[in-house]
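Owing to the predicted nature of the structure, the values given are computational and were not obtained by experimental measurement. Every chain is numbered from 1 and lettered A, B, ... according to where its sequence line falls, protein lines coming before strand lines.
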Amino acid sequence: MQSPRPILSMKRPKTPSAPPPSTPPTPQHRQSFTKLINPISSKRRNILQNPQPLPSAAAAIEWKPLKINKSELYLPLTFPTGQTFRWRNTGPLQYTGPIGPHLVSLKQLEGDDVGYFCHFTDSDETARINLFDFLNMGISLNEIWSVFKASDERFAELAMYLEGARVLRQDPLECLIQFICSSNNNIQRITKMVDFISSKGKFLGNVGGFDFFEFPTLDKLASVSEAELREAGFGYRAKYIVGTVAALQSKPGGGMEWLASLRKSDLQGAITGLSTLPGVGPKVAACVALFSLDQHHAIPVDTHVWQIATRYLIPELAGTTLTPRVCSRVADAFVSKYGKYAGWAQTLLFISELPSQKSILPSSLWNTVEKSEIKLQIEVHEIQETKENRRSKKKKNDS
DNA sequence: GGGAGACCTAGTAA
DNA sequence: ATTACTAGGTCTC
């Protein structure tokens with residue numbers, strides 16, 4: 001079973017009969033989503049639970065070789081693992097999503113390669129360049145992982161099972177808004193919210209039953225009110241988004257340029273800058289820095305990473321709370337262990353903690369469960385022991 | 001500086 | 001059927 005399932009409620013109603021595999025943008029598609037959070041009809045639910053086989057036309061896609069090994073890019077460990085909430089699983093080992101104005105599908109091919117396909121485009125060359133950029137192709141996963149493996153036995157072991165977990169290079173605005181949505185939230189709802197925002201952008205087409213949109217411009221975002229976002233189920237994050245958009249717009253020289261300039265800043269500068277935006281704390285800032293600002297040693301410290309850190313890196317901090325200061329100590333510990341690409345190492349370690357990956361890891365590497373299981377085993381053992389004791393005592397008494 | 005609550009919501013465990 | 005808690009945190013005291 002694939003791990004995070006596509007969120008169905010995001011799909012617009014459609015007829016149960018097989019839709020065309022991919023639908024180019026037409027005016028009728030421009031009708032915007034209504035509320036994101038609305039009850040799904042039972043009919044639609046069925047579609048979700050029994051996804052129809054991909055339309056035969058999908059097989060007709062002519063994949064162009066990316067010429068990249070699985071060890072450099074394995075899609076299921078790169079797209080549905082919390083870096084982006086904009087891509088959809090549109091087939092076996094196949095993912096589709098927007099890259100700027102382009103709509104791209106990627107598929108793991110036979111023969112250890114990944115294929116790509118740019119939908120509805122007449123500037124394939126531009127799309128390809130943007131794709132390479134988005135995939136961070138300038139960085140060799142094998143090269144940087146070999147360093148991690150050499151210095152960390154546990155990483156080496158995890159890496160055998162989780163090859164090809166690559167860090168993407170997303171658009172900064174897109175990344176920022178997504179991670180503001182992610183605070184104190186779960187993947188399913190984050191995806192719904194991101195989808196709502198995205199639907200304000202230019203429609204790019206439909207693939208595998210999913211609508212895709214270019215991410216809305218800053219101006220377009222500014223036209224969305226806090227009330228509308230609350231209505232759509234954003235909760236208190238509605239205020240953050242409106243506030244952040246306003247803050248960006250007020251930057252002299254432009255918000256987009258300001259964000260882009262953080263790519264040339266050092267990590268601390270980027271984090272400090274991002275943290276001035278409402279709804280952006282240490283975690284969100286680090287995510288944006290790592291996933292969109294070329295800050296390869298940014299460490300998003302969430303509860304999972306915190307667990308890893310107190311288990312392997314700085315056990316002396318176990319039991320304390322995750323304050324900003326502790327947060328940066330954790331980040332420092334990762335950087336001193338893994339070096340300038342520490343964020344890429346953290347990504348693999350984080351993925352290894354995801355429940356969805358447990359099935360592909362040997363149980364000896366399940367940390368989170370391991371602990372509770374051991375505890376459970378001890379408890380069971382103790383109970384059996386006491387039973388044993390009682391029994392033997394009883395025997396003694398009886399005799 | 002660190003600690004405690006509140007903050008929206010949906011889903012699930014008691 | 002209610003209640004409590006949690007989920008890739010942040011803000012305010």
Between the protein and nucleotides 7-10 of chain C, list the N/O to N/O atom pairs that are separated by less than 3.5 angstrom.
unit_1: C/dA7; atom_1: N7; unit_2: A/N184; atom_2: OD1; d: 3.1
unit_1: C/dG8; atom_1: O6; unit_2: A/T81; atom_2: O; d: 2.4
unit_1: C/dG8; atom_1: O6; unit_2: A/G82; atom_2: N; d: 3.0
unit_1: C/dG9; atom_1: O5'; unit_2: A/N184; atom_2: N; d: 3.2
unit_1: C/dG9; atom_1: O4'; unit_2: A/N184; atom_2: N; d: 3.1
unit_1: C/dG9; atom_1: O6; unit_2: A/N184; atom_2: ND2; d: 3.4
unit_1: C/dG9; atom_1: N1; unit_2: A/N184; atom_2: ND2; d: 3.3
unit_1: C/dG9; atom_1: N2; unit_2: A/Y236; atom_2: OH; d: 2.8
unit_1: C/dT10; atom_1: OP1; unit_2: A/G281; atom_2: N; d: 2.8
unit_1: C/dT10; atom_1: OP1; unit_2: A/G281; atom_2: O; d: 3.1
unit_1: C/dT10; atom_1: OP1; unit_2: A/K283; atom_2: N; d: 3.4
unit_1: C/dT10; atom_1: OP1; unit_2: A/V284; atom_2: N; d: 2.9
unit_1: C/dT10; atom_1: OP2; unit_2: A/K283; atom_2: N; d: 3.3

N-glycosidic conformation, B/dG5 - syn within 90 degrees of 0, else anti
anti

Pairs flagged by salt bridge (charged side-chain N to carboxylate O under 4.0 Å, His left out) wherever residues 92-113 of chain A is involved - sequence neighbours left out
none

With P as the reference atom in both, quote the distance from B/dA6 to C/dG8 in angstrom, rounded to an integer.
23 Å

P-based separation of B/dC8 from C/dC13 [nearest Å]:
15 Å

Between A/W306 and A/Y312, is the ring centre distance below 6.0 Å?
no

Would A/Q268 and A/T272 count as having a side-chain donor-acceptor pair, cut-off 3.5 Å?
yes

By side chain to side chain contact (heavy atoms under 4.5 Å, CB included), which residues pair with A/V335, not counting sequence neighbours?
A/H297, A/I299, A/A342

Could you check how far CG of A/L322 sits from P of B/dG1, rounded to whole Å?
17 Å

Round to the nearest Å and state the distance from A/R237 atom CZ to C/dC11 atom C1'.
13 Å

Does a side-chain N or O of A/T323 approach OP1 or OP2 of B/dG1 to a distance below 4.0 Å, or not?
no

Now, which nucleotide makes the Watson-Crick or G-U wobble pair with C/dG8, with each of the two distances under 3.5 Å?
none

Lys NZ or Arg CZ of A/K337 over A/F334 ring: under 6.0 Å, within 45°
no

Any strand: nucleotide that pairs with B/dC8 via Watson-Crick or wobble, under 3.5 Å
none

Protein-nucleotide distance (A/R325, atom CZ; B/dG2, atom C1'), rounded to Å:
10 Å

Would you call A/E125-A/R128 a salt bridge at under 4.0 Å N-O?
yes

